[in-house]
Amino acid sequence: MNYLFPEHFDWGVATAAAQIEGAAFEDGRGPSIWDVFSRLPGKIKNGGIPDVCCDSYHNIDRDVAMLRELGVTAYRMSFSWSRILPDGTGEVNPAGIAYYRRLIDALKAAGIKINATIYHWDLPYALQIKGGFGNRDIIAWYKHYASVLFDHFGADVDFWVTFNEPIATYVGHAKGFFAPGLQDERYARQCIHHLLLCHGEVVKLFRQNLPKGKIGIVVDVWKHFPARPGNPEDEACALENNEIQGYGMFLHPLFLGGYSEVLRAYLDEHHMTPIMQQGDFDTICQKLDFYGLNFYNGLYDNAEQLAAAAKSEAAGGNYQDRPEAHLEAVRDVLHMLVEDYHLDIPIYITENGVPQDNSDDVAAMLDDQERIDYVSEVLRWVHQAIQEGIDVRGYYLWSLMDNFEWSAGFAARYGTYYTDYKTLKCTPKKSALWYRSVIENNGFWKEGAENENRCQSLRSRRRRREEF
Ligand code: NOJ
């Protein structure tokens, strides 16, 4: 079947500052929490540190040449807070501004739309010392940082994103395997509340400063389904993973104006309700111009298997286990956003991709048919959701090139270009050539069932909702 996408559909690739830029201690940049965390023994697979990464700081031309070669219409990037404001607040670093100015000018010269994230996990370490997201002053710090970005680049950026995957901040404070590496769930809940307030306040600021611009947020959805629908233990697992430990902690306050009943009951029972002020939820729940969905997989929870896995779980890892693929879940998630969270704004798939385990066999790394199969399958379901009326306006592949994959270091390769970390040369993989043709044709051909019925997951979700 031919999967043709709507006219003006954006095709892009995504990256993030801390994962590609390198130049960690150059030209006045201050350390981020990831520079510090990655130096703690055992935190990053094979001891990778993000000092150099793909060295994008010194390779704007290389990066933009790859984007031109792919023919993308949009590029998703992020700003490094500690490159702009080395201490997190106070003095602006002119070299940081100059770097992003060069990058943005090069992207504009190439006719590529810019989707820029203000915060993609790399808090200045100077602010972490002051309590980071646990300190309500973070709202003022974040507003100051955003205002610097708006002043310098406001009109140049097509899509502003306040936060990428806020769950990383939760994981970094509650579970310990992301920066800053704390394991205190109560504190993590407080951090998330402040993060959501940062988002709301900056959307308000944006409306005053750039009334014609577009701003949104990126929340990843790893939707859990009960492996055995109707089994109370599996249902409870899926509910907890979605509403208490997953996307629900963000989507409810962002789009429905408060924490869900399930989450409130849990926080109350565990004495973890964050300290709040009157009006906080009004601040958080701002009208947005678009929503960014990072989708990687759907998960099926079997309570017994999860309990057994938890016992043997090793510390560390960033999506390292490869659960069975349930890529059809993307369609369900898109419907859920509209039907359950009442989203009436355009949706972009702001990230989607699959890693390869690093190997010295470069030829094998370049022959990434697995990525083509994965991406085309996800796109097939996105296409179907569009046919069903969901307003998806674009797709960004994660990632342009192999880069620093957080706690998986350089052991996981997500790029459609292969990065040689010794020479910093990037080479297109098989998927890059395939993706270029998808972009060129605004779609692709793939064998697959036509006119499929509503998928099983959608049906079981409906049934679950009715039961509540
Ligand atoms: C989530 C994050 O936004 C990105 O930084 C990460 O590298 C990818 N997904 C893959 O794990």
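If you read the sequence from its start, that first residue is 1, and numbering goes on from there. Counting convention: from 1, in listed order, for ligands and their atoms alike.
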Do Asn352 and Asn294 get their side chains close enough for a donor-acceptor pair, meaning under 3.5 Å? no
Applying side chain to side chain donor-acceptor pair (under 3.5 Å), which residue pairs with at least one partner in residues 420-429 are found, sequence neighbours left out? Gln356-Lys429, Asp402-Lys429, Asp420-Thr423
Closer than 4.0 Å to some heavy atom of His120 - which atoms of ligand 1 meet that? 2 (C), 3 (O), 4 (C), 5 (O)
Quick one: side-chain contact (heavy atoms from CB on, under 4.5 Å) partners of Leu40, sequence neighbours excluded? Phe37, Lys43
Could you check whether Thr117 and Arg76, counting side-chain N and O atoms only, form a donor-acceptor pair closer than 3.5 Å? yes
Counting heavy atoms under 4.0 Å, the part of Asn164 that contacts ligand 1 is side chain
For Trp121, the atoms of ligand 1 under 4.0 Å from one of its heavy atoms are 2 (C), 3 (O)
At a 4.0 Å threshold, what atoms of ligand 1 neighbour a non-hydrogen atom of Tyr414? 10 (C), 11 (O)
Testing Tyr57, Phe79, Phe153 for ring pair (Phe, Tyr, Trp, His ring centres under 6.0 Å) with Tyr99, which one passes? Tyr57
Within a distance under 4.0 Å of any heavy atom of Glu405, pick out the atoms of ligand 1 and give their elements. 6 (C), 7 (O), 10 (C), 11 (O)
